[in-house]
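Here the structure is a predicted model, which is why all the values come from computation and not from measurement. Convention: sequence-line order gives letters A, B, ...; per-chain numbering from 1.
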Amino acid sequence: MDEKYFPEKIEEKWQRFWEESGAFEAESDASREKRFYCLEMLPYPSGFLHMGHVRNYSIGDALSWFRRLQGFNVLHPMGWDSFGQPAEQAAIKRGVMPREWTEKNIEHMRGQFKRMGFSFDWRREVTAHTPEYYKWDQWFFLKMLERGLAYKKVSPVNWCPAEGTVLSNEQSSGGVCWRCGAAVEKRDIEQWFLRITDYAEQLLEDMSEIERGWPERVLTMQRNWIGKSSGAYIDFQVRDTDERVRVFTTRVDTIYGANAVVVAPDHPLVEHSPVKDDVRRFAERVRAERAAARDPGAQEEKEGVNTGLLAVNPFSGELIPVWAGNYVLTEYGTGAVMSVPAHDERDFEFAQKYSLPIRRVIERISHEQPPAERDPGVEDQSVAMKEAFTEYGILVNSGDWSGRLSEGAIREMAEFAEARGFGERAVTYRLRDWGVSRQRFWGAPIPIVYCDACGVVPVPESDLPVVLPERAEFTGSGQSPLAGVPEFVNTTCPKCGKPARRETDTMDTFVDSSWYFFRYCDPKNARAPFDREKVAYWTPVDQYIGGVEHAVMHLLYTRFWTKFMRDIGLINFNEPVKRLMTQGMVVAETFYREGEEPGSKVYFNPADVDVVRDDKGRVSSATSTADGQPVTVGPFEKMGKSKNNGVDPNEMITAYGADAARLFVLFAAPVENDLRWQEAGIDGALRFLRRVYSFVHRWRESFGGVTRDAAAAGGFSPEAGRLRHETHRTIERVTNDFEGLRYNTAVAAMMELSNALGDFRVAPGSAAPSDRFAVRETLEALVLMLAPFAPHLSEELWEALGHEGGILRSGARWPAFDEALARKDEVEIAVQVNGKLRGRVSVAAAATEEETRAAALADERVRAWTDGKQMVKTVVVPGRLVNVVVKQ
RNA sequence: GCGGAUGUGGCGGAAUUGGUAGACGCGCUAGCCUCAGGAGCUAGUCUAGGCAACUAGGUGGAGGUUCGAGUCCUCUCAUCCGCACCA
């Protein structure tokens, strides 16, 4: 053992040891019931690990180590979400083939992971872009197709007319093409969809199974995304046509107040309009406005045109106009609404703009509701009402329904409509089917063949995988790259054998990430996506860790995929993840100067800035290291290129070691909070590790031959007793903190223990056997508890303490605490007089209430406040405090 | 606009869930050691007063419940996040 702690030397040594001994390799083993699946979201191989990754995987790695030490069989795998756009961008920009680019990145990042010392079972690595993996994406797609869950429909994409390419939402933000700046258009093309909406109800219902383990806000976001809404469909006959227009409403009770039917601008009913050209022009305009710069947060003004059609209110028989309005969405409900301005804010706004009549049909029933504004005796309330009354109430002016309450009327009016054949109760969802088609090269090809004779033909399972060609033209313009590869496109029909063409769309990368963690359980299986028994052993995932940005899409899709896999008999549970943890961002200070352009900023990397502090430690100013001139101190922001405040994990490892970096990210903040990266903080982590290292170095020689019996025979000195108490109490605290993923307080507890060891002022040379026993007990516990945070150092110290074969193979177990030792035999009791702290007394931990009270009242300082006063009562909280209430 | 969360020293954050506010770390101050280094060690560090023991105040703000409130209740302010014409 070196006298000093040299991280790089130790880290290399143990990384080699782990690799050679297969320390983190796990196998499903029916005889080992205690098993734990610890999963972190797999990264996109952009080429470089960033601090967000370091944090994400440090959290998971710590938990994996903890469970291993507790004797669990732990599955902790890693893989690559390696399909996706950046690879294609690299191909366009630099002419590198996506596969080459991707694999080089993976190579590099895997090396970075290894330098961090994460305890992955690398044999299980899953890589989305390999045919061995995406073959099963295709297989699942075919299974969905068989079950009617995959289908094709026309749907719009962002289209750059200048380049003739399809753009993602991101690439067309602001309504212009990110590359050439041309105005983006919407174009309708046929695309593949998965019927996730068939599972909407289950996706909502099954949330009850995971409520305890998932963050409330993630479930809320998913609930909102699914957007369940119960109401009714009502059909309005359109006069002079055979058409009926169906609307969806949650408030049938307000139907007597309907002044119009408003349909989406591109609603099919428009065909029957006598002024359909006007309506079409309107629809075109709305369309164009939407495609163009849509500022986030900007709400369009409500606009509409009268279609000239008239519809019959099936309840009242009243004739009302049909309008087309920009505020009615084609995609939601039926694309048509009944407009009830008196009781809906949007309809109110619309009616005001076009001077449509407003009729109040719901009155308040409680004084807590806003007072009724109305002109008695006048039907049209346009003048009286200042805003819509959207609450439930009592029905008025509603024919036979008048006098009923909203709640009952909503139900019964829907039933009435159903009985009369002009409507039904209905539930709608905001959730839409999952569009999986991408007009891209770098994705799993959708296994479909188009044959002139047979139509749409699925590729037979036995012909999978449909392999992505090695090369394609990535000119950045023209057609989808796959369409330009004749060897790929031209094939024969699996049914009739005649020439046919392949589907050139590839799959959304969310498909890959929907089931990858099942593949980890059996990553090399060539006959099936995975072996059911292996998956049954490991899944569902015990703990999943990742960024909150995946709260909706990825996590909803993977829940959907799980339910589908259940339905085809691959697994037998509903929910893939028992516990979910969403970690906060890594943020760092920003420094900048005003740029040449007004409002532009030139950012300085924190490493190139000197910060000046006042004597309270407040940052008062900062200067550039380069020129010594001042720079402006900005707020903490997410690390990244745009703010030039990123920190390279490699540099951190070089300067401080992987262990210190890992310890710091786990200590600096609770895992769900944002983490403020401060270089000084990692210094503190390193200091702590050095301290622990030097304790072991100082004491290890003196531990020989000290047994528990020998130590106990001599009894423990008060100091040694105190140290043992601290040790056992710390084990208790750290163990509990782990269960709640409270790493920051776990580390704090270990630091306290190390401070206690520092206060134990006995020299190793002159220590009694009992002292040496106590110190060894402390150090062994500390080293093992530190393993999840700083595994390399812990391995080194464990070896220095005389254990062979590495921590996991040496049979080491997470330390157990002795309840009796963790408790104190003397406790300090706070004594308050009238709620103010006036003194502290020490009593036996087992002291009765009476004894505690007596001790408190006997205290001199307390008596100074109570003598001569009338005592009203005393409150005693055993083990904590005494409050004496006196009359003033 | 709707929904959710959070406000504690100069900073990140603790506080056994109604019981000693500020653990632990960073930063800062002073001292020691020193080949004077961004190393190590020791002490101090919520605010005000005092040499000190101590006293008073203090958890965004205002009320309230309670022997006792960072924690519970009411109102209010601020910040952050999500959704955004969802009928």
> Using a heavy-atom cut-off of under 4.0 Å over every strand shown, decide if A/G684 touches base, sugar-phosphate, or nothing.
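Sugar-phosphate, no base atom in range.
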> Within the structure, does a side-chain N or O atom of A/N673 lie under 4.0 Å from either OP1 or OP2 of B/G13?
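So the side chain of A/N673 is within the cut-off, an N or O lying under 4.0 Å from OP1 or OP2 of B/G13.
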> Distance-only, no hydrogens or angles: does the A/H550 side chain make a donor-acceptor pair with backbone N or O of A/L555 under 3.5 Å?
no
> Please tell me which of A/L881 and A/F248 maps to the more 5' nucleotide of RNA chain B, matching each residue to the nucleotide holding its nearest heavy atom.
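This one resolves to A/L881.
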> I'd like to know if A/K228 pairs up with A/E201 as an ion pair, taking the criterion as any Lys NZ or Arg NE/NH1/NH2 lying under 4.0 Å from an Asp or Glu carboxylate oxygen.
yes
> When the distance from CG of A/L753 to P of B/G25 is rounded to whole Å, what number comes out?
12 Å
> CD of A/Q678 versus C1' of B/G10: gap in Å, rounded?
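Spelled out: CD on A/Q678 to C1' on B/G10 is 11 Å.
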> Taking the inter-plane angle between the rings of A/F738 and A/F789 on a 0 to 90° scale, is it parallel (under 30°), tilted (30 to 60°) or perpendicular (over 60°)?
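Because their plane-to-plane angle lies in the 30° to 60° range, the rings of A/F738 and A/F789 count as tilted.
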> Touch check for A/V747, heavy atoms < 4.0 angstrom, all strands: base, sugar-phosphate only, or nothing?
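No contact.
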> If I take atom CG in residue A/D737 and atom P in nucleotide B/A15, what distance separates them, rounded to the nearest angstrom?
8 Å
> Can you list every pair that meets ring-ring contact (aromatic ring centres under 6.0 Å, His included) and has a residue in residues 666-690 of chain A, with sequence neighbours left out?
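For residues 666-690 of chain A, and leaving out neighbouring residues, the ring-ring contact (aromatic ring centres under 6.0 Å, His included) pairs sorted by first residue read A/F664-A/W677.
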> Please give, in whole Å, the distance from B/C85 C1' to A/R430 CZ?
12 Å
> Which whole-number value in Å describes the distance from A/E752 CD to B/G22 P?
13 Å
> Report the distance from atom CD of A/E828 to atom P of B/U20, rounded to the nearest whole Å.
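Checked: the CD to P distance equals 12 Å.
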> Picking from B/G13, B/C67, B/U20, which would you name as closest to the side chain of A/V885?
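The closest nucleotide is B/C67.
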> Residues in ring-ring contact (aromatic ring centres under 6.0 Å, His included) with A/Y693, at least two apart?
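Partners of A/Y693 by the ring-ring contact (aromatic ring centres under 6.0 Å, His included) criterion, ordered by chain and then number, come out as A/Y5.
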> Please work out if A/R840 contacts a base, only the sugar-phosphate, or nothing of the nucleic acid, heavy-atom cut-off 4.0 Å.
base
> Spell out, as yes or no, whether a donor-acceptor pair under 3.5 Å connects the side chain of A/R359 to the backbone of A/Y256.
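Checking the backbone N and O of A/Y256 against the side chain of A/R359, a donor-acceptor pair under 3.5 Å is found.
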> Please list, chain by chain and in numerical order, all residues satisfying salt bridge (charged side-chain N to carboxylate O under 4.0 Å, His left out) with A/E211, sequence neighbours excluded.
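Salt bridge (charged side-chain N to carboxylate O under 4.0 Å, His left out) check on A/E211 returns nothing, list empty.
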> By ring-ring contact (aromatic ring centres under 6.0 Å, His included), which residues pair with A/F422, not counting sequence neighbours?
A/F315
> Could you go through nucleotides 2-4 of chain B and list every protein N or O atom that sits under 3.5 Å from one of its N or O atoms, giving the distance for each pair?
none

> What distance, rounded to whole Å, do you find between the two C1' atoms, one in B/G18 and one in B/G25?
29 Å
> Can B/G9 be described as syn, meaning its chi torsion is within 90° of 0, or is it anti?
syn
> Among the candidates B/C85, B/C26, B/A87, find the nucleotide nearest to the side-chain atoms of A/N326.
B/C85
> Taking atom P in both B/U59 and B/A53, compute the distance separating them and give it to the nearest angstrom.
24 Å
> What is the distance from CG of A/D344 to P of B/G1, rounded to the nearest Å?
18 Å
> State whether A/E726 and A/R729 are salt-bridged, where the test is any N-O pair (Lys NZ or Arg NE/NH1/NH2 against Asp/Glu carboxylate O) under 4.0 Å.
yes
> When you look for runs of 3 or more Watson-Crick or G-U pairs in a row, both distances below 3.5 Å, which of them include RNA chain B?
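If one scans RNA chain B for consecutive Watson-Crick or G-U pairs, the stems found are B:1-7 with B:77-83, B:10-12 with B:24-26, B:27-32 with B:40-45, B:46-49 with B:54-57, B:60-64 with B:72-76.
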> Respond yes when some side-chain nitrogen or oxygen of A/N744 is under 4.0 Å from OP1 or OP2 of B/G12, and no when none is.
no
> What nucleotide among B/A87, B/C11, B/A84 has an atom nearest to a side-chain atom of A/S229?
B/A87
> Among residues at least two apart in sequence or on other chains, which ones pass ring-ring contact (aromatic ring centres under 6.0 Å, His included) with A/Y327?
A/F350
> Going by salt bridge (charged side-chain N to carboxylate O under 4.0 Å, His left out), name the residues that satisfy it together with A/D2, two or more places apart in sequence or in a different chain.
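Here the qualifying residues are A/K9.
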> Would you check if the side chain of A/N313 reaches a backbone N or O of A/I255 as a donor-acceptor pair within less than 3.5 Å?
yes
> Give me syn or anti for B/U17, where syn covers glycosidic angles within 90 degrees of 0.
syn
> Heavy atoms under 4.0 Å, any strand shown: does A/V877 hit a base, just sugar-phosphate, or nothing?
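If one applies the 4.0 Å heavy-atom cut-off, A/V877 turns out to touch a base.
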> B/A87 P sits how many Å from A/L329 CG, rounded?
10 Å
> How would you list all residue pairs meeting side chain to side chain donor-acceptor pair (under 3.5 Å) that involve residues 329-342 of chain A, not counting sequence neighbours?
A/N259-A/S339, A/D266-A/T330, A/Y332-A/T428
> Does A/R246 have any salt bridge (charged side-chain N to carboxylate O under 4.0 Å, His left out) partners at least two apart in sequence or in another chain, and if so, which?
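Per chain and number, A/R246 pairs via salt bridge (charged side-chain N to carboxylate O under 4.0 Å, His left out) with A/D235, A/E424.
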> Indicate the ring-plane relationship of A/F760 and A/W699, choosing parallel, tilted or perpendicular according to the 30° and 60° boundaries.
tilted
> A/Y332 side chain: which of B/A87, B/C67, B/C26 is closest?
B/A87
> Just how far is it from atom CZ of A/R742 to atom CG of A/N736, taken to the nearest 0.5 Å?
7.0 Å
> Determine, for nucleotides 52-57 of chain B in 5'-to-3' order, which nucleotides have protein heavy atoms under 4.0 Å from the base (write B), from only the sugar-phosphate (write S), or from neither (write -).
--SSSS
> Return whichever of A/N755 or A/L675 has its heavy-atom-nearest nucleotide of RNA chain B closer to the 5' end.
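That would be A/L675.
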> Could you tell me how far B/C41 sits from B/G49 if I compare only their C1' atoms? Round to whole Å.
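The answer is 33 Å between these two C1' atoms.
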> Can you identify which nucleotide, out of B/U20, B/G25, B/A87, has its nearest atom closest to the A/F667 side chain?
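Looking only at heavy atoms from C-beta outward on A/F667, the closest nucleotide is B/G25.
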> Between B/C24, B/G12, B/A14, which nucleotide gets closest to the side-chain atoms of A/A748?
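Comparing B/C24, B/G12, B/A14 against the side chain of A/A748, the answer is B/C24.
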> Nucleotide by nucleotide, 5' to 3', does protein get under 4.0 Å of the base (B), only the sugar-phosphate (S), or neither (-) in nucleotides 36-45 of chain B, counting heavy atoms?
--BSSS----
